[in-house]
Structure formats: structure tokens, C-alpha cells
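Along the sequence shown, residues carry numbers from 1.
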Amino acid sequence: MTALTAQEIASRLAALTGWQIEEGELTRTFSFKDFLAALAFVNRVGEQAEKAGHHPDIDIRYNRVRLGLVTHDAGGLTAKDFDLATVIDRLL
């Protein structure tokens with residue numbers, strides 16, 4: 001898998017809601033009613049990540065979950081990152 005160009009990243013990012021690029025990662029922070037709801041979401045993300053064979057960095061802070069996607073072995077963002085972001089958005 002090869003890293004996307006800046007133009008490809010901008011195009012794919014425009015198709016997503018709430019996601020942004022931070023320090024080379026595709027990121028989004030989600031807020032939930034409480035800690036248990038945040039954990040349930042993380043578990044659903046984990047199931048989809050396993051199916052995709054692509055795993056986000058996950059940071060849980062009480063009712064907030066920050067996800068970071070990057071394809072380390074490609075040295076940047078790839079279609080895998082944007083595809084998983086789309087799947088994650090469908091979990092909401």
C-alpha cells in the first residue's frame with residue numbers, strides 16, 4: 001500500500017465529517033454520554049479494525065474517544081485509513 005498524495009488526502013478528507021489531519025494522522029474525537037458508552041464504541045471500533053486488519057491509535061478520556069489513523073508501514077496516510085474512518089463513522 002502506498003501513501004496518498006496531498007491532493008488525494010484533501011479529496012478524501014472532504015468526504016468525511018469531523019475528521020482532520022493532525023501531525024500526519026487522520027484523527028477524530030468522539031463524545032459520548034458516559035464512560036461505558038465510550039467503551040462500547042471502542043469495542044465496536046476494535047471489531048471493525050480486526051476485520052480490516054488495520055488498527056487505530058485509541059485514547060479514552062472518560063466519555064471522549066480520540067482515534068488516530070495512519071499506515072505506518074507506508075509512511076503516511078493510505079486508502080486503508082480513510083476506508084476505516086468511513087466504517088467507524090457508520091458505527092455512530
Side-chain angles (χ1 to χ4, degrees):
M1 181 122 314
T2 59
L4 299 172
T5 66
Q7 184 176 9
E8 290 170 324
I9 291 169
S11 176
R12 287 178 174 261
L13 185 61
L16 295 173
T17 301
W19 291 86
Q20 60 188 9
I21 306 299
E22 292 181 307
E23 299 181 19
E25 285 187 326
L26 180 61
T27 67
R28 182 170 176 188
T29 299
F30 301 85
S31 294
F32 300 92
K33 67 178 182 165
D34 58 25
F35 184 68
L36 291 177
L39 284 177
F41 173 71
V42 167
N43 285 327
R44 291 192 309 272
V45 168
E47 290 172 9
Q48 295 305 312
E50 277 297 303
K51 287 180 185 176
H54 192 54
H55 305 92
D57 292 331
I58 301 172
D59 181 39
I60 304 169
R61 308 281 173 126
Y62 178 60
N63 69 331
R64 293 178 45 179
V65 176
R66 180 189 179 277
L67 300 178
L69 294 163
V70 66
T71 306
H72 296 286
D73 57 351
L77 295 171
T78 67
K80 287 174 81 170
D81 301 304
F82 288 91
D83 292 346
L84 185 54
T86 300
V87 169
I88 289 167
D89 282 347
R90 291 184 191 137
L91 298 175
L92 298 174

Give the minimum heavy-atom separation between [X] and [Y], together with the two atoms involved.
| X | Y | result |
| --- | --- | --- |
| Ala79 | Met1 | N-SD, 4.2 Å |
| Gly24 | Val70 | O-CG2, 3.7 Å |
| Ala3 | Ala74 | CB-O, 3.8 Å |
| Arg64 | Ser31 | CG-OG, 3.7 Å |

From [atom1] ([X]) to [atom2] ([Y]), nearest 0.5 Å:
| X | Y | atom1 | atom2 | value |
| --- | --- | --- | --- | --- |
| Thr27 | Glu22 | OG1 | CD | 3.5 Å |
| Leu77 | Leu69 | CG | CG | 8.5 Å |
| Leu84 | Lys51 | CG | NZ | 12.0 Å |
| Ile88 | Trp19 | CD1 | CH2 | 4.5 Å |
| Glu25 | Leu67 | CD | CG | 10.0 Å |
| Thr78 | Leu26 | OG1 | CG | 10.0 Å |

I want to check something: taking the side chain as every heavy atom from C-beta on, are [X] and [Y] in contact at a cut-off of under 4.5 Å?
| X | Y | value |
| --- | --- | --- |
| Phe41 | Leu36 | no |
| Leu92 | Arg44 | no |
| Val65 | Thr29 | no |

* Ser11: partners by side-chain contact (heavy atoms from CB on, under 4.5 Å), with sequence neighbours left out ->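 Listed in chain order: nothing, the list is empty.
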
* **side-chain contact (heavy atoms from CB on, under 4.5 Å) partners of Ala37, counting only residues at least two apart** => Phe32, Lys33, Asp34

* Pair Lys80 + Asp73: basic N to acidic O under 4.0 Å ->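 No salt bridge links Lys80 with Asp73.
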
* Asked: Between Arg66 and Asp57, is there a salt bridge with N-O shorter than 4.0 Å?
  ->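 No, no charged N to carboxylate O under 4.0 Å.
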
* Residue pair Asp83, His54: steps toward the side chain to side chain contact (heavy atoms under 4.5 Å, CB included) verdict -> CA-CA 10 Å; Asp83 292 346; His54 192 54; over 6 Å; no

* Does a side chain donor of either Gln48 or Glu50 reach within less than 3.5 Å of an acceptor in the other side chain? ->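 Distance-only check fails for Gln48 and Glu50.
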
* Asked: Do Thr71 and Asp81 have side-chain N/O donor and acceptor atoms under 3.5 Å apart?
  ->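 Per modelled atom types, Thr71 and Asp81 side chains form a pair under 3.5 Å.
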
* When you look at Asp89 and Phe30, which way does the side chain to side chain contact (heavy atoms under 4.5 Å, CB included) test go after all the steps? -> CA-CA 10 Å; Asp89 282 347; Phe30 301 85; 4.1 Å; yes

